[in-house]
Number of protein chains: 2
Amino acid sequence: MQSYTEENYLKTIYHLAEKTINVQTNAIAEQMQTKPASVTDMIKKLADKGLVDYIKYQGVTLTEIGKNTAIDIVRKHRLWEVFLVDKLNFKWDEVHDVAEELEHIKSIELIERLDEFLGFPKADPHGDPIPDKNGRFAKTQFIKLIELKIGDRGTITGVTQHSSAFLKHLEKLGLTLGKQIQISDVTDFDGSVEIRLSDKQVNISREVAKHILISSNGKN
Amino acid sequence: MQSYTEENYLKTIYHLAEKTINVQTNAIAEQMQTKPASVTDMIKKLADKGLVDYIKYQGVTLTEIGKNTAIDIVRKHRLWEVFLVDKLNFKWDEVHDVAEELEHIKSIELIERLDEFLGFPKADPHGDPIPDKNGRFAKTQFIKLIELKIGDRGTITGVTQHSSAFLKHLEKLGLTLGKQIQISDVTDFDGSVEIRLSDKQVNISREVAKHILISSNGKN
DNA sequence: TTTTATTTTTAGGTAAATCTAAAAATTATT
DNA sequence: AATAATTTTTAGATTTACCTAAAAATAAAA
Ligand SMILES: [Mn+2]
Ligand SMILES: [Mn+2]
Ligand SMILES: [Mn+2]
Ligand SMILES: [Mn+2]
């Protein structure tokens with residue numbers, strides 16, 4: 001059984017491992033809002049428990065058990081987010097912090113029944129896939145909006161930034177999950193992107209465009 | 001802001017205070033499954049924070065703030081129990097441990113919305129009253145089944161024992177909340193009680209009868 | 001009112017998770 | 001290859017929530 005803290009470390013390592021093979025001490029420290037020295041302490045503990053493979057100065061990778069544990073926490077996090085949005089009418093920018101706590105409730109039965117209650121959802125309110133009870137989920141291969149060319153069409157299917165400020169901004173612009181879009185222009189000067197929606201036209205900065213995921217449904 | 005542990009102490013003191021005015025160190029230790037020395041440490045901390053009034057060797061009482069905090073945790077605990085039973089189809093004997101964890105999730109918004117989602121329930125699956133958001137609730141003045149006389153009628157409205165073994169036992173006998181009962185006999189030898197239900201007759205031990213609460217609706 | 005039993009507190013210590021400051025290893029730059 | 005910069009680890013402390021053993025206070029019994 002893992003502590004609340006150990007679980008958060010495992011989840012952080014799991015997410016960082018999506019970008020780099022060996023996860024570095026400093027990267028973990030930054031993500032966890034803690035000091036590198038504390039990370040080293042915890043890494044040793046996780047290594048002792050067989051949850052990570054660790055070579056001094058070379059960073060860590062999750063073991064099979066460690067990875068499964070992490071995926072289970074991600075599953076819980078995303079299911080709770082769906083609950084909060086679908087059942088309790090939270091906005092997609094309000095759920096992260098609460099889910100961050102709820103994900104640590106230890107009851108297999110609870111999460112199985114919650115999954116069923118929610119109708120076995122495949123994605124959370126931010127478009128992230130929800131692993132099933134065996135930890136399996138489709139690796140969503142979405143394109144970043146920034147990579148689209150003028151004329152390209154697609155559907156908004158996810159975001160890679162979960163801050164409330166960012167999500168509220170998208171909400172205000174009408175750029176929510178499921179919306180059909182088409183790129184009408186890309187400004188040379190600042191790289192900002194002009195987007196056509198069914199009912200209106202909006203302009204977003206390059207920075208915002210980087211964090212929107214699109215399932216492309218047809219060129220030009 | 002209180003820690004998980006501090007909240008559990010406050011809740012324990014609150015429940016013990018329903019029986020005695022000054023709550024004793026040993027009573028808290030027993031309830032919390034810890035040692036009296038640990039309780040003394042925590043009591044000092046809670047006193048420093050202004051959550052309890054404490055006189056050495058004389059036990060503790062909750063301050064106004066301490067009491068409100070405790071009631072808020074009780075509210076959360078009971079609302080989550082309703083959620084588990086009403087929405088996730090848990091049995092009444094399966095919910096306590098999970099609620100014990102869920103009650104510590106810190107989000108006022110969450111509990112307000114959960115309350116609304118559940119239809120502002122007035123009692124939990126064990127018949128215990130749920131405080132409203134201002135901490136107010138009706139002091140249920142139910143009679144213990146053991147106090148009824150032969151011929152008395154009533155409705156089962158609560159239990160004073162939440163162990164899974166006890167609740168499963170009641171379930172098997174058909175003695176669940178809302179059931180109409182009449183006392184048909186009390187055995188002199190062991191004090192066991194014979195109960196008439198709408199469709200059958202059951203016999204329960206004196207010990208069991210002590211922990212069933214009845215709203216009496218008419219004598220003989 | 002002593003003596004005895006019970007309850008409660010103090011003293012001193014441990015384990016988990018954190019920190020700061022300094023040393024060691026690795027990586028990048030000249 | 002030597003030096004500088006960065007990353008990571010160690011050493012030593014702190015805080016929280018515990019513990020055991022022993023002392024002190026209170027309550028009960030003789
Ligand atoms: Mn978390
Ligand atoms: Mn999410
Ligand atoms: Mn609890
Ligand atoms: Mn209950």
Side-chain angles (χ1 to χ4, degrees), chain A residues 1-17 19-62 66 69-70 73 100-101 103-104 106, chain B residues 1-17 19-62 66 69-70 73 100-101 103-104 106:
Chain A
M1 187 112 301
Q2 286 77 231
S3 72
Y4 186 108
T5 311
E6 286 165 2
E7 288 188 350
N8 281 333
Y9 270 93
L10 288 175
K11 198 180 61 160
T12 295
I13 294 167
Y14 174 77
H15 285 311
L16 289 170
K19 308 213 161 191
T20 51
I21 312 99
N22 273 42
V23 179
Q24 303 193 126
T25 304
N26 270 2
I28 298 169
E30 190 187 19
Q31 194 67 33
M32 299 278 302
Q33 310 244 61
T34 186
K35 304 293 165 186
S38 305
V39 173
T40 301
D41 286 346
M42 181 55 80
I43 281 173
K44 283 179 185 163
K45 193 176 162 193
L46 294 175
D48 285 347
K49 290 193 172 189
L51 297 164
V52 299
D53 290 319
Y54 170 52
I55 305 162
K56 269 188 188 177
Y57 292 97
Q58 301 306 128
V60 287
T61 53
L62 292 170
T69 307
I73 301 157
E100 206 59 46
E101 286 188 62
E103 71 190 1
H104 302 290
K106 285 171 201 1
Chain B
M1 188 112 299
Q2 286 78 232
S3 73
Y4 185 109
T5 311
E6 285 165 4
E7 288 189 349
N8 281 333
Y9 270 93
L10 288 175
K11 198 179 61 160
T12 294
I13 294 167
Y14 174 76
H15 286 312
L16 289 171
K19 308 215 161 190
T20 51
I21 312 100
N22 272 41
V23 179
Q24 302 193 128
T25 303
N26 271 3
I28 299 170
E30 190 187 19
Q31 194 67 32
M32 300 278 302
Q33 311 244 60
T34 186
K35 304 293 164 187
S38 304
V39 174
T40 301
D41 285 347
M42 181 56 80
I43 281 173
K44 283 180 184 164
K45 192 176 161 193
L46 294 174
D48 285 348
K49 289 194 173 189
L51 296 164
V52 299
D53 289 319
Y54 169 53
I55 304 162
K56 269 187 190 178
Y57 292 97
Q58 301 307 126
V60 287
T61 54
L62 291 170
T69 307
I73 301 158
E100 207 57 47
E101 287 188 60
E103 71 190 0
H104 302 291
K106 285 170 200 5

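Every chain is numbered from 1 and lettered A, B, ... according to where its sequence line falls, protein lines coming before strand lines. Only heavy atoms go into these numbers, but all of them, side chains included; no hydrogens, no water, no symmetry mates.
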For residues 48-56 of chain B, dump all side-chain donor-acceptor pairs below 3.5 Å to protein atoms at least two apart in sequence or in another chain.
unit_1: K49(B); atom_1: NZ; unit_2: E6(B); atom_2: OE1; d: 3.0
unit_1: K49(B); atom_1: NZ; unit_2: E6(B); atom_2: OE2; d: 3.0

Less than 3.5 Å apart, which donor and acceptor atoms pair up between the side chains of residues 29-39 of chain A and the rest of the protein, not counting sequence neighbours?
none

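With rounding to whole Å, I28(B) atom CD1 is found 9 Å from dT8(C) atom P. Whole-Å rounding puts the Y9(A) OH to dT18(C) C1' distance at 8 Å. Following rounding to the nearest Å, N22(A) (CG) and dA25(C) (P) show an atom-to-atom distance of 19 Å.
Across all strands shown, S38(A) has heavy atoms under 4.0 Å from base atoms, whether or not it also approaches the sugar-phosphate.
Note that CE of M42(B) and OG1 of T25(B) are 13.5 Å apart. Values are rounded to the nearest 0.5 Å.
Contact between the side-chain N/O atoms of N26(A) and the OP1/OP2 oxygens of dT8(D) is found at a separation under 4.0 Å. Taking 4.0 angstrom as the limit, Q24(B) places a side-chain polar atom (N or O) nearer than this to OP1 or OP2 of dT8(C).
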Sugar-phosphate atoms are those with a prime plus P, OP1 and OP2; base atoms are the rest. Using that split, label each nucleotide of nucleotides 9-16 of chain C B, S or - for protein heavy atoms under 4.0 Å, 5' to 3'.
BB-----S

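By the side-chain contact (heavy atoms from CB on, under 4.5 Å) test, N22(A) pairs with Q58(A), T61(A), sequence neighbours left out. For K106(B), the salt bridge (charged side-chain N to carboxylate O under 4.0 Å, His left out) partners two or more places apart in sequence, or in a different chain, are E7(B).
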